Amino acid sequence: MIDLLNALVVLMNFVVIPAAAYGAQLALGALGVTLIYGILRFSNFAHGDSMAFGAMCTILFTWWFQSMGITLGPLPTALLALPFGIVITAAVMLGTDRAVYAFYRAQKAKPVILVIVSMGVMFIMNGLVRFIIGPDDQRFADGERFIISVREFKALTGLKEGLAFKTGQGITLITAIIVVAALFWFLNRTRTGKSMRAFSDNEDLALLSGINPERVVAITWILVAALATIAGTLYGLDKSFKPFTYFQLLLPIFASAIVGGLGNPLGAIAGGFVIAFSEVTFTYAWKKVLKYALPENLEPTSLVQLLSTDYKFAVSFVILVIVLLFRPTGIFAGKAL
Amino acid sequence: MSVQTRNILLFALVFGLIIASGFYRSPDYALRVVNLGLISAIMAIGVNMQWGYAGLFNIGVMGFVALGGLMAVLVGMPPVPDAWTAGGPRALLALIVGGALIFAAVLAWARLPKGNVRAFAMLVLLGGGFFAYRGIFDPAVVAIEKVEPALLGYLGGLGWPVILAWPIGGLAAAGAAWLIGKTALGLRSDYLAIATLGIAEIIIAVLKNEEWLSRGVKNVNGVPRPVPYEIDLQNDPAFVERAQGLGLDPVVGSTLFVKLCYAGLFLAVLLIVMFLAQRALNSPWGRMMRAIRDNEVAAEAMGKDVTARHLQIFVLGSAVCGVAGAMLITHDSLFTPTSYQPLRFTFLIWVMVIVGGSGNNFGAVLGGFLIWFLWVEVEPLGLWLMDVITAGMAEDNWLKAHLQESAAHMRLLTMGLILLLVLRFSPRGLIPER
């Protein structure tokens, strides 16, 4: 019995909690991609680097606050800096839209042209981030590191295995729930949100009923900027901030959005967790869990790791391919195809 | 000014720039630019076939280039007999078993009736098969990587002449492209982009981690060359005499001679690829491709199989990129998986195609040379620019240090900016499609 509990604790510690936090970050990222897809009708390849940009703005404000001695006590100062980061990122995104995307929208360019343009924006963003903050790892988390640390947990329960619950993970989950609730309230209950959904469902009909397309587009960018900044900052708090990793996040984010059904917000959230949990399950070495869960004579000798962690991108890719092969519209039918 | 003269002038301008760099830097530098420009031009033709002819958006160029590079190692390097005896047959067996299992799973999916039996068969074949595969494979990998890990630790290659790697690299890239195209083509256009992005990341991850295959991040150096080595030339009295006859130092002469040999080989490949690409473009097949690109619905109504044609051109274009990738590794004699950066091998090639003129092979070649030249010049230019900007600042100013440090990242910004500006103001490029 104790063994089973120990196995459960190990499972929670190394699989469930990290995967849930990572899933929440992916879900927030995928929501941004899916919103752009639904309203502006193209796949925004600049999203990963927008997340990096937003996170960078937040980090700069965090450092500024820290230098002035303003902190949030046990919570990371980054939370205080987050709104400022969102404002800057939103301004930059609106500016990009005006300078770059608006032209192609007016021309009614093919989506693939917009994708190429977004690739150009991606590299400019990436260049800006590296130019301002440099390509290296940055640490900006402060406050308490753990909500529950391994030692406290062991003392509390008397179990042999410990459970660590990092502040970054806790904040990720709570923030994600708040953000998602607010987003759905906005999309389903407010007039602006309803007009956005109408615009996404049928552009011509929405225009006929007097919805101002420029306003819808602007609000979309602001929402996307907020989502990207939050997702980027949370990812940075939980793991670490390095510009290149945000570029690499593009694949799991798109996989999440497509698995859930591009253009479908609910799908993006489900997709994020599907991808995150599969990545972690496939790359985790199960030896420790099995050691407790199985009877003594069945104990595994190897690590029981299905794939090395370097291949975590392969997991999201394989899921993406399977979905494309068998259900191209995603789990929750998106508007793709 | 006719189109013809304009184009000739553009080419003359680019080569003029490169030759000028030969005077103010060194001839060796200019020849290096030419060689890599030739390789870039071939990659650009590959991407142009996909994007220019057919409107397919491939952002995994890097993956296909890297696969070609891997083939240069696997074909050119001498085999490592100890590693082969240690685990070679077992590794091969594992790969065959793995392939057979996937094939069986595909067959089972197609042949068995829908229902529990099929689901169970898939689970056994894929789930059980994976463990069986790892069971055979892992000991082989351990055994192979134990053989002189500091120097070897991999199976080595076939030891064939490295030139053969070029077509083989093309075939490997074509195979990968077929798999991707089969899944992602025929769906929305962005899906191909995402799928190619993914396969490129995975190919690079494999190259970095599979040490038994190509030593992973430990790199493979000394990939054999198809041309003579400088040191042999310097020890050859006939060559020394001829170099001195031309008034050249034998050391300088030998490096120039080697680069010229490469340039000749690359030029030959470029001419062959260019000839085939032009013939294809001007054939009924090429016109059909452009018709599909311009209006898929109409082409489909005329009885053209759009998805099959897209698959065809996607495979062809990727194969050309694979050939160029193998040539690149042959030129460098060094295989470093970490050097495959999406900026350098995907994005830069796209800038070449778009700036040169999508849909026009001559445009792609021009773009290849021009953008490659700019790429190597932007960094010193950026440093110089930063020096000018920061000239008035105090020596210990933090901003000055930061700006000068960041000059290296100017490349990303400049290339992104060039792409956006060209797309906006001159979307047809320098040499537009006819």
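In this text, all values refer to a predicted model and were calculated from it rather than measured experimentally.
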*Asks:* So which heavy atom on A:P328 is nearest to which on B:Y191, and how close?
*Replies:*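 Result for this residue pair: O-OH, 3.3 Å.
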
*Asks:* Let me know if A:L128 has heavy atoms under 4.5 Å from chain B in its side chain, its backbone, both or neither.
*Replies:*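 Contact with chain B involves both backbone and side-chain atoms of A:L128.
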
*Asks:* What about B:W350 and A:F123, are their ring centers closer than 6.0 Å?
*Replies:*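 No, they do not, as the ring centres are separated by 6.0 Å or more.
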
*Asks:* Looking at B:F347, B:F130, B:F57, which one has more heavy-atom pairs under 4.5 Å with chain A than the rest?
*Replies:*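 Top count of heavy-atom pairs under 4.5 Å with chain A: B:F347.
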
*Asks:* Test of understanding: with side chain to side chain contact (heavy atoms under 4.5 Å, CB included), list the residues that count as partners of A:I132, not counting sequence neighbours.
*Replies:*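 By the side chain to side chain contact (heavy atoms under 4.5 Å, CB included) rule, A:I132 matches A:M56, A:L60.
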
*Asks:* Count the heavy atoms belonging to other residues, nucleotides or ligands that lie under 6.0 Å from CH2 of A:W63, then report whether that count exceeds 12.
*Replies:*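 Atom CH2 in A:W63 is packed in, count exceeds 12.
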
*Asks:* If you round to the nearest 0.5 Å, how far is CD1 of A:I322 from OG1 of B:T183?
*Replies:*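 Taking OG1 in B:T183 and CD1 in A:I322, the distance rounds to 11.0 Å.
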
*Asks:* Ignoring hydrogens and geometry, is there a side-chain-to-backbone donor-acceptor pair from B:R424 to A:A99 under 3.5 Å?
*Replies:*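 The answer is yes, because a donor-acceptor pair under 3.5 Å joins these two groups.
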
*Asks:* A quick test of your reading: do over 12 heavy atoms of other residues, nucleotides or ligands sit less than 6.0 Å from NZ of A:K242?
*Replies:*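 Count not over threshold, so no.
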
*Asks:* Give, for atom CG of A:L262 and atom CG of B:D190, the distance between the pair rounded to the nearest 0.5 Å.
*Replies:*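 Nearest 0.5 Å value for the CG-CG distance: 7.5 Å.
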
*Asks:* Can you tell which of A:M122, A:M125, A:M119 has the highest number of heavy-atom pairs within less than 4.5 Å of chain B?
*Replies:*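 If we count pairs closer than 4.5 Å to chain B, A:M119 comes out on top.
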
*Asks:* Output the distance between atom OG (A:S308) and atom CD (B:E210), rounded to the nearest 0.5 Å.
*Replies:*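 With rounding to 0.5 Å, OG (A:S308) is 7.5 Å from CD (B:E210).
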
*Asks:* Given a strict heavy-atom distance threshold of 4.5 Å, which part of B:L419 is in contact with chain A: side chain, backbone, both, or neither?
*Replies:*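 Looking at B:L419, just its side chain touches chain A.
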
*Asks:* Among the options B:V206, B:L417, B:I354, pick out the one with the most heavy-atom pairs lying under 4.5 Å from chain A.
*Replies:*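 Sorted descending by pairs with chain A, the first entry is B:V206.
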
*Asks:* Minimum heavy-atom separation for A:F45 to B:A193, with atom names?
*Replies:*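 That closest heavy-atom pairing would be CZ-CB, 3.8 Å.
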
*Asks:* So how far is it from B:I202 CD1 to A:D310 CG, rounded to the nearest 0.5 Å?
*Replies:*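 Here the rounded value is 12.5 Å.
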
*Asks:* Just verifying a value: how many Å separate A:I116 CD1 and B:L420 CG, rounded to the nearest 0.5 Å?
*Replies:*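 Between atom CD1 of A:I116 and atom CG of B:L420 there are 11.0 Å.
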
*Asks:* Need one label for B:I199: side chain, backbone, both or neither, based on atoms under 4.5 Å from any heavy atom in chain A.
*Replies:*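 Looking at B:I199, backbone and side chain both touch chain A.
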
*Asks:* Is it true that atom CZ of A:F282 has more than 12 heavy atoms of other residues, nucleotides or ligands lying nearer than 6.0 Å?
*Replies:*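 No, not enclosed.
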
*Asks:* Could you tell me which portion of B:L343 (side chain, backbone, both or neither) has an atom closer than 4.5 angstrom to a non-hydrogen atom of chain A?
*Replies:*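 Backbone plus side chain of B:L343, per the 4.5 Å heavy-atom cut-off to chain A.
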
*Asks:* Step through the shown structure and confirm whether more than 12 heavy atoms of other residues, nucleotides or ligands are within 6.0 Å of CZ on A:F103.
*Replies:*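 Count over threshold, so yes.
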
*Asks:* Which bit of A:I124 is near chain B, if near means a heavy-atom gap under 4.5 Å: side chain, backbone, both or neither?
*Replies:*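 Both backbone and side chain.
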
*Asks:* Can you pull the salt bridge (Lys or Arg N to Asp or Glu O under 4.0 Å) pairs that have at least one residue in residues 94-103 of chain A, sequence neighbours excluded?
*Replies:*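 Listed by first then second residue: A:D97-A:R105.
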
*Asks:* Side chain, backbone, both or neither: which part of A:F131 has an atom under 4.5 Å from a heavy atom of chain B?
*Replies:*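 The answer is both parts of A:F131.
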
*Asks:* Take atom NZ in A:K239; do more than 12 heavy atoms of anything else shown fall under 6.0 Å from it?
*Replies:*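 Counting other residues, nucleotides and ligands, NZ of A:K239 exceeds 12 neighbours.
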
*Asks:* Against chain B, work out which of A:Y311, A:F42, A:F254 has the most heavy-atom pairs shorter than 4.5 Å and name it.
*Replies:*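 Most heavy-atom pairs under 4.5 Å with chain B: A:Y311.
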
*Asks:* Taking the side chain as everything from C-beta on, heavy atoms only, tell me whether B:L423 gets closer than 4.5 Å to A:Y104.
*Replies:*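 In short, these two side chains touch, coming nearer than 4.5 Å.
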
*Asks:* Can you tell me how far the CG atom of B:L197 sits from the CD atom of A:Q248, to the nearest 0.5 Å?
*Replies:*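 Between atom CG of B:L197 and atom CD of A:Q248 there are 10.0 Å.
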
